[in-house]
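Residue numbers count from 1 along this sequence.
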Amino acid sequence: MNKIDPPLEEPARTGPGAEPLPPESLSGLSPAGRTTVRLSVLLSAMVAVILITAVGIVAWLQWSAATRSTEDLRQEKAALVMDAIEQELSQVLLAAEMLIERMAVIWGPRAVRSADATEIERVLRTALAAAPRLSRVAFVNADSVEHALERDGLDQHRFTQSERADDPHYRDVLQRLQDASGAIRFRRQGEQTTSTDAFEIWDPVSRNGAFAGAWSATVPVGDLTRALTNAAIALRGVPFVLGGPQEIVIDPGLSSAGGAAALETLWSLAIDAGLASDDDDPAEGLSQMTLGGADFVASYRWVEGLGGEPWLAGVWFKADDLAALQDRNTIAVLAGLGVLFGAVILCFFMGNALTRPLVRGAEASRRLAAMDLTAAGTVPRSRIREIDDLSRSFAMLEKGLAYFEAYVPKKLVHQIFRLGGGTLRSEEREIAIMFTDIAGFTTISEKHSPAEVAELLNEHFRILGEQVELFDGTIDKYIGDSLMAFWGAPVEVDNPSQRAVNAALRIARALEWENHRRQEKGLDPVHIRIGIHRGKALVGNIGAPTRMNYTIVDDAVNVCQRIESLGSDILKRKGATILISDSVVQDIGSNMAYVEVGKATLKGRKTPLTVYMVKD
């Protein structure tokens, strides 16, 4: 007989209850290999896609519309400026030309015949009053004597009579007039800030077929330039008028920005474009160029010049001014994209906040599916009604499963989950079986009220159940004051006999402490009998289709129960008497201290059974 009393074998885990199912055991709940995505990510992505699509379309439409509007606005403004230039030229230069022609026809012969300075002054005053944009009108006779009337202040005029025979300019003009068949026009170069830079229009007068003099009108270039510049201010542009590739009619700064090459370029572009001069629908051109290291854009069209010659009129402006308009559109689009980015980030945080209860609920559900009821209370309440309903429903489900767990062996539930919800087949297995019974329970019941007896049994079975489950046993049922448990089903374990004996020893030790506590309270101690046997038994679902019980049935169950009942003959006054069969002894070998108590012929069996008692 082995006298060694080793310490009890402890299981790998601690704490009561079955271990939660490993994650791989839940694979049967969903199709294998399925890719999943977090709800917060999906929700944020969906909202982000909708926002990006909507804002992107709006931004693209706004950008396109703004770009078109900017271009249309520029073209409209440029057209208005060119209309103003054309109108200004028509009102000033062409009106001056027509005035001189009428004076030459109506007053020319009379002025030649009379040669009266007073009469000529009266005519000049009448002409200057009719043309407020003119700065000077004059009559020169064939002897180079000039009668001139100039504006000298707002309402002041100055009349002069002078000899111009020695003036090279007048000699040249008179020479050209003698050879001309009609009016001549030219620009008298000078400073634009003074009246010396002006357009002069001369129309000859003849008498008896000979040259007798000429009428002239002067339009200051500076005044005309300022009028045209005011018209171009709205576009931040500068007007220009060209009479040829090298002939600047009006130019406040284009030639200084790029030199004569710029003028030749504009003139050539207009010629190559073949722009037509049509008063009803004037064709327009647009050119981009780099002048003096800066980018410029010019809009232009052909207009009627002095003497019917075409002039190229237009407006030029820096490309940066147009870019500023486009930059405002870009800033608006970038601002919209910034708002979109902020909205996407906000959606992400809102999605996380919205789905946090669902994520925690999903985590709790996974633990609950693994029968880990520590997940209770992990689904937070929410202000959103549907999520709050889910939280309360989940809490009720956890309570229901907690109650269910008290009636159904955890190991059985775990095994069903491992089978993916399938049915446990009935099969024959090697099972270690335990029966326990309280000695003298009838006497105890007579001495106490039913409530006290129920309290006693609940505490007693709590102690027993904790130790059985601690060593991976399955509690089959409670029969009055008796407990039936087994090892080896529904989950197979190594050496079920060893686990059953270890659980019995722990029960004995726990009862020893419990009896000590009872005695301190003046209560009677509780003594129990424990019988353990190992043998083959049929394990599976037994019962009706509407009420099944997972249990074991066979001769091994009867043998174990009768071994337990033998304890009443040899029961010692201590916490527990543990009797085991010879099949259990074969399994535990020298791992336990035990003593043979004799052979017994059990009811219904012919062969005597050797019974052993486990020593503490």
Applied to residues 443-460, the salt bridge (charged side-chain N to carboxylate O under 4.0 Å, His left out) test, sequence neighbours excluded, yields K447-D524, E459-R462

The complete set of salt bridge (charged side-chain N to carboxylate O under 4.0 Å, His left out) pairs with one or both residues in residues 577-586, sequence neighbours excluded, reads none

Residues at least two apart in sequence or cross-chain that pass salt bridge (Lys or Arg N to Asp or Glu O under 4.0 Å) with D481, listed by chain then number, are none

Hits for side chain to side chain contact (heavy atoms under 4.5 Å, CB included) against A504, two or more places apart or cross-chain, chain-then-number order -> M434, I530, I532, I578

Given side chain to side chain contact (heavy atoms under 4.5 Å, CB included), test T577 with M613 step by step and report yes or no. CA-CA 7 Å; T577 299; M613 183 176 66; 4.0 Å; yes

Sorted by chain and number, sequence neighbours left out, salt bridge (Lys or Arg N to Asp or Glu O under 4.0 Å) with D554 holds for none

For this session: Dump the intermediate steps for side chain to side chain contact (heavy atoms under 4.5 Å, CB included) on H448 and I444, then the final yes or no.
Result: CA-CA 6 Å; H448 297 85; I444 295 175; 3.9 Å; yes

Handout entry: Residues H516 and E512: side-chain donor-acceptor under 3.5 angstrom
Key = no

Interatomic distance, CG@D472 vs CD@E492, rounded to 0.5 Å, equals 13.0 Å

Rounded to the nearest 0.5 Å, the CD atom of E428 sits from the CG atom of L538 at a distance of 7.0 Å

Taking every heavy atom of A503 against every heavy atom of Q467, the minimum-distance pair comes out as CB-O, 3.8 Å

dist L483:CG -> I463:CD1 (nearest 0.5 Å) comes out at 12.5 Å

Problem - Y612 and Y594 aromatic ring geometry - parallel, tilted or perpendicular at 30°/60° bounds - result: perpendicular

OG1 (T551) and CG (D476) are apart, to the nearest 0.5 Å, by 3.5 Å

Looking only at heavy atoms, the pair that brings S581 and I563 closest together is CB-CD1, 3.6 Å

Hits for salt bridge (Lys or Arg N to Asp or Glu O under 4.0 Å) against E514, two or more places apart or cross-chain, chain-then-number order -> R517

The side chain to side chain contact (heavy atoms under 4.5 Å, CB included) partners of E427 (sequence neighbours excluded) come to R425, R429, V539

- For the pair V584 and Q498, evaluate side chain to side chain contact (heavy atoms under 4.5 Å, CB included) and give the outcome as yes or no after the intermediate values. CA-CA 8 Å; V584 175; Q498 182 72 63; over 6 Å; no

Residues pairing under side chain to side chain donor-acceptor pair (under 3.5 Å) where one sits in residues 433-444, two or more places apart or in two chains, turn out to be D437-S482, D437-R529

All heavy atoms of L511 vs all of A576, minimum pair found to be CD1-CB, 4.5 Å

d(L464 CG, R506 CZ) to nearest 0.5 Å is 12.5 Å

- May I have the step-by-step check of side chain to side chain contact (heavy atoms under 4.5 Å, CB included) for I507 and I528, ending in yes or no? CA-CA 10 Å; I507 290 173; I528 68 170; 3.8 Å; yes

For F441, the ring pair (Phe, Tyr, Trp, His ring centres under 6.0 Å) test, sequence neighbours excluded, returns none

Residues at least two apart in sequence or cross-chain that pass side-chain hydrogen bond (donor to acceptor under 3.5 Å, both in side chains) with K536, listed by chain then number, are none

Those residues at least two apart in sequence (or on a different chain) that pass side chain to side chain contact (heavy atoms under 4.5 Å, CB included) with V557 are I433, F435, M484, I552

Within the distance-only criterion (no hydrogens, no angle test), does the side chain of W487 pair as donor or acceptor with the backbone N or O of F471 below 3.5 angstrom?
yes

The side-chain hydrogen bond (donor to acceptor under 3.5 Å, both in side chains) partners of E430 (sequence neighbours excluded) come to R534

In terms of heavy-atom contacts, G540 and S426 come closest through CA-OG, 3.6 Å

Here the pair of heavy atoms bringing R562 nearest to S565 is O-OG, 2.6 Å

message: Just so I know, are the side chains of I580 and H533 near enough to count as touching, which here means a heavy-atom distance under 4.5 Å?
response: no

Below 4.5 Å, heavy atoms only, C-beta onward: do L457 and I438 meet side chain to side chain? yes

Between C560 and G531 the two heavy atoms that sit nearest each other are SG-O, 3.2 Å

